[in-house]
Amino acid sequence: MKAAIFYGPNQPLKIEDVPKPTAGLGEIIVKVSACGVCHTDLHYIDSGVPTFKKPPMILGHEASGIVDEIGEGVTQFKGGERVLLPAVLSCGHCKFCRTGRENICDNMVMFGNNIDGSYAEYVKAPAKDTFLLPKEIPLEEGAIIADAITTPYHAVINRGNVKPGDKVVVFGCGGVGLNVVQIASTIGAYCIAVDILDQKLEYAKTLGAAEVLNPTKLDRIDKEVRKLTNGGADIAFEVIGNPHTMELAFACLRTGGKLVVMGYSDKNMNLNLGRTMYREMGIVGSLGCRPVDYPRVIELARVGKIKVKELVTRKFPLEGINTAFDLLRKGEGIRSVVLP
Ligand code: NAD
């Protein structure tokens, strides 16, 4: 089969012929219809964040496809069914899985990190973790549900605990941040979107942002947010992965507010502990999404409460994957998918 192979940082992926995977016990082989192009891959390619599986390997963790082969013991799927693969697989037996927190599973396995992912014609997946994709959701665009939409759902609903009427500020309106804006706005929050690119802010408005702010045009974003929210946001989301914007997002909060860290950085942020203690500030991380929430997100997409089709702004053949990464580096469009 054809696959885009990652050989290590600071080099483009290479399209090569590799053996097609075969399904073992409890596994299925999925013919990949589409795989979303996420900034997490750029951390491996550009910033040298190591993958758990040593390269050469196949990246890609946002995939939809058609069941192609069924392994022994799989009874819940038939060949030809449309499916969505979660970005992360959980073991089902560690203390986190047993208490409903599978997204922080002790033995977590991520496609395109611990195991081969979906920038390829076929991918192997455990049947127990795979979801059926209803016919109302197109396969090509539906791929991005598995991270770009489920991750924001978990962050907004479970970690931010956003309620209707809350005032929310979202730093970073890329593929993930725009869906924080979309989901928070859909459930009735007043949402301020922040990005350095005006095009991203235009997208944010179409997805429900009440206000948009560009830090390159304002001296003090935190002051502006305080003014707009009459004292500070209830919940701030950082969806960039930059300690500076994490500090800025924290500075936008009211007393008793909460920062939800979604962006990835290996650097430290500065935090005023006095303010954190005296004003009962909260800081939480948010990683991926629990399997139990996937059917909810799929249903929201099926009935059109969450926009999906509109979020895929470019489609590339597998051979165009490095161009898709270039667009992501430049911040163009919302989400690209490759169609292996
Ligand atoms: P992206 O590149 O599509 O979006 C990043 C956005 O941030 C861009 O729109 C960019 O213009 C904006 N930005 C950059 N610097 C800024 C600044 N100083 N101020 C304001 N805006 C700025 O990336 P993405 O795919 O949306 O991913 C965003 C982050 O989330 C990455 O760090 C990624 O690794 C992380 N991520 C986390 C999870 C999770 O489970 N927590 C899942 C997926 C991705």
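First listed ligand is number 1; within each ligand, the first listed atom is number 1. Treat the numbers as computed from the prediction; the structure is a model and nothing was measured. No hydrogens, no waters, no symmetry mates; every other heavy atom, side chains included, goes into these values.
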Does the N or O separation between [X] and ligand 1 drop below 3.5 Å for any pair?
X: I240; answer: yes
X: H43; answer: yes
X: G175; answer: yes
X: L287; answer: no
X: V176; answer: yes

Which of the atoms in ligand 1, numbered in the order shown and given with their element, are less than 4.0 Å from a heavy-atom of [X]?
X: T40; result: 33 (C), 34 (O), 36 (N), 43 (C), 44 (C)
X: S286; result: 39 (C), 40 (O), 41 (N)
X: G172; result: 7 (O)
X: L197; result: 11 (O)
X: G288; result: 39 (C), 40 (O)

Inset, instruction - Locate the shortest heavy-atom distance separating I70 from A23; write the atom from each residue and the value. - result: C-CB, 4.2 Å

Tell me whether [X] contacts the main-chain N or O of [Y] through its side chain, where contact means a donor paired with an acceptor under 3.5 Å.
X: D166; Y: A189; result: no
X: K124; Y: E27; result: no
X: Q182; Y: K307; result: yes
X: K258; Y: R159; result: yes
X: T313; Y: I334; result: yes
X: R82; Y: S64; result: no
X: D195; Y: L201; result: no
X: N107; Y: C91; result: no

Inset, instruction - Could you check which of L328, D195, V239, V261 puts a non-hydrogen atom nearest to atom 28 (C) of ligand 1? - result: V239

Which residue and non-hydrogen atom of the protein lie closest to [atom], and at what distance in Å?
atom: atom 25 (O) of ligand 1; result: R335 NH1, 3.0 Å
atom: atom 35 (C) of ligand 1; result: M262 O, 3.7 Å
atom: atom 42 (C) of ligand 1; result: D147 OD1, 3.5 Å
atom: atom 18 (N) of ligand 1; result: T245 CG2, 3.6 Å
atom: atom 4 (O) of ligand 1; result: G174 CA, 3.1 Å
atom: atom 1 (P) of ligand 1; result: H39 ND1, 3.5 Å
atom: atom 39 (C) of ligand 1; result: T151 CG2, 3.6 Å

Inset, instruction - With the side chain counted from C-beta on, respond yes when R329 and I45 share a heavy-atom pair under 4.5 Å apart, and no when they do not. - result: yes

Legend entry - Min side-chain heavy-atom separation F325-D46 under 4.5 Å: no

